[in-house]
Amino acid sequence: MQKGAILVLSGPSGAGKSTIINAASDEIGEYYFSISTTTRAPRVGEEDGKDYFFVTKESFEEDIKAGNFLEYAEVHGNYYGTSLKPVREALEEGKLVIFDIDVQGHRLVRAKMNDITTSAFITPPTLKALETRLRARSTDDESVIVKRIENAKGEIKAVGEYDFTIINDTVEEATKRFVIVAKAARLKQSTEDQEKFVEQWLANN
Ligand code: ADP
Ligand code: 5GP
C-alpha cells in the first residue's frame, strides 16, 4: 500500500486557508488535518484540541527539548509547532496530511520529507484585500492586525518556493483549485515506494 503524503498550505494569516480547507473537505477524500500547538491565546470561537493545542511557553519549550516537534517556528512573537507523532501515524495509515504552517515551517518540512510533500501558497489578490479581510474577521486587536500585515509583506516573497499559488479572490474558484492540488498531492509517491515499484516492475517479466 502507498504510504501517505503531505500537503503544506501557507499564506498570510487571513488569506482564507481555513475557509478553503473547510469548503473543500467533502471533495478531497479522507485526510488528516495536523492540529498545531501554539503559545498564542485562543481567539473567540477557537477550541483547544480542534483549532490548536493551546499551551504555555514553558510547556512548548519542554516539547522542543524532548524532540516532539516535526518542525516549529516563532511567528508574530509566539511559538507554533507540528507534533511528530500524530503525523507519523496518519502517514502510516496512508492518509493525506494537511499542514497550515508558515514559510519557515514549509522549509523545515521540505528538508525532512521533501519526497512526499506538495505545497501551495494561498493569498488574497492584494495586500489591501488581506487587510480588509483581517479587519472584517474582527478576531484580532489592531496591534495584532498590524503585525500580521507586516509579516505578510515578508511571507509573500517566499511564494516561489511553493509548487502552486492559489489566489483567493472568490472562495468558490479558490476551493476548486485547492481540490485539484489536494488530489494531485495524494498521488505523490515516496522515494521508497518508487524504488519498491521499480523492483517489482522489473521482477515481473
Ligand atoms: P486564514 O485561515 O488563512 O487565517 P480565514 O479562513 O480565517 O484565513 O479567512 C480570513 C477572513 O477572510 C475570514 O473572515 C473569512 O471569512 C474571509 N474570507 C476568506 N476568503 C474570502 C474571500 N474569497 N473573499 C472574502 N472574504 C474571504
Ligand atoms: P494564526 O495565529 O493566524 O492561527 O497563525 C499564524 C501563522 O502561524 C500562520 O501563518 C500559520 O500558517 C502559522 N502556523 C500555524 N501553525 C503552525 C505550525 O505548527 N508551524 C509553523 N511553522 N507555523 C504555523
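All ligand and atom numbering here is 1-based and tracks the order in the structure.
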- Query: Which residue owns the protein heavy atom closest to atom 20 (N) of ligand 2, what's the atom, and how far is it?
  - Reply: E71 OE2, 2.7 Å
- Pairs meeting criterion salt bridge (charged side-chain N to carboxylate O under 4.0 Å, His left out) with involvement of residues 194-205, two or more places apart: E192-K196
- Message: I need the atoms of ligand 2 closer than 4.0 Å to a non-hydrogen atom of A73, numbered in the order shown.
- Response: 22 (N)
- Query: Where does R40 meet ligand 2, judged by heavy-atom distances below 4.0 Å: at the side chain, the backbone, both, or neither?
  - Reply: side chain
- Task: Check each atom of ligand 2 against the heavy atoms of S13 and keep those under 4.0 Å away; list them by number with element.
- Result: 3 (O)
- Query: side chain to side chain donor-acceptor pair (under 3.5 Å) with E131: which residues, sequence neighbours excluded?
  - Reply: R135
- Query: Which one holds for Y52 and ligand 2: side chain close, backbone close, both close, or neither close, with close meaning a heavy atom under 4.0 Å?
  - Reply: side chain
- Item | Protein residues that have a heavy atom under 4.0 Å from any atom of ligand 1, sorted by chain and number | P12, S13, G14, A15, G16, K17, S18, T19, R133, R137, N168, D169, T170, V171
- Query: Taking heavy atoms and a distance under 4.0 Å, where does R43 meet ligand 2: side chain, backbone, both or neither?
  - Reply: side chain
- What residue and atom, counting heavy atoms only, is the protein's closest point to atom 23 (N) of ligand 2, and at what distance? D102 N, 3.1 Å
- For ligand 2, which atoms have a heavy atom of H76 less than 4.0 angstrom away? 6 (C)
- Query: Looking only at protein heavy atoms, which one is nearest to atom 11 (C) of ligand 2, and how far off is it?
  - Reply: D100 OD1, 3.6 Å
- atom 7 (C) of ligand 2: nearest protein contact (heavy atom, Å): V75 CG1, 3.9 Å
- Message: Just to be sure I'm reading this right: ignoring hydrogens, which of P12, G105, S83, G11 gets closest to atom 10 (O) of ligand 2? Compare them by their nearest heavy atoms.
- Response: G11
- Message: Does this structure show an ion pair linking R177 with E173, if we count only N-O contacts that are shorter than 4.0 Å?
- Response: yes
- Of all heavy-atom pairs between S83 and T37, which one has the smallest distance, and what is that distance? OG-OG1, 3.9 Å
- Message: Which residues pass the side chain to side chain donor-acceptor pair (under 3.5 Å) test with S119, not counting sequence neighbours?
- Response: H106, R110
- Message: Taking F54's backbone N and O only, do any of them form a donor-acceptor pair with D48's side chain (distance below 3.5 Å, no angle check)?
- Response: yes
- Query: atom 19 (O) of ligand 2: which protein heavy atom is closest, and how many Å away?
  - Reply: S36 OG, 2.7 Å
- Flag side-chain contact, heavy atom, 4.5 Å: S143 against D141: yes
- Task: Classify the angle between the aromatic ring planes of F60 and Y79 as parallel (below 30°), tilted (30 to 60°) or perpendicular (above 60°).
- Result: parallel
- Query: Do NZ/NE/NH1/NH2 and the carboxylate oxygens of E89 and K85 come within less than 4.0 Å?
  - Reply: yes
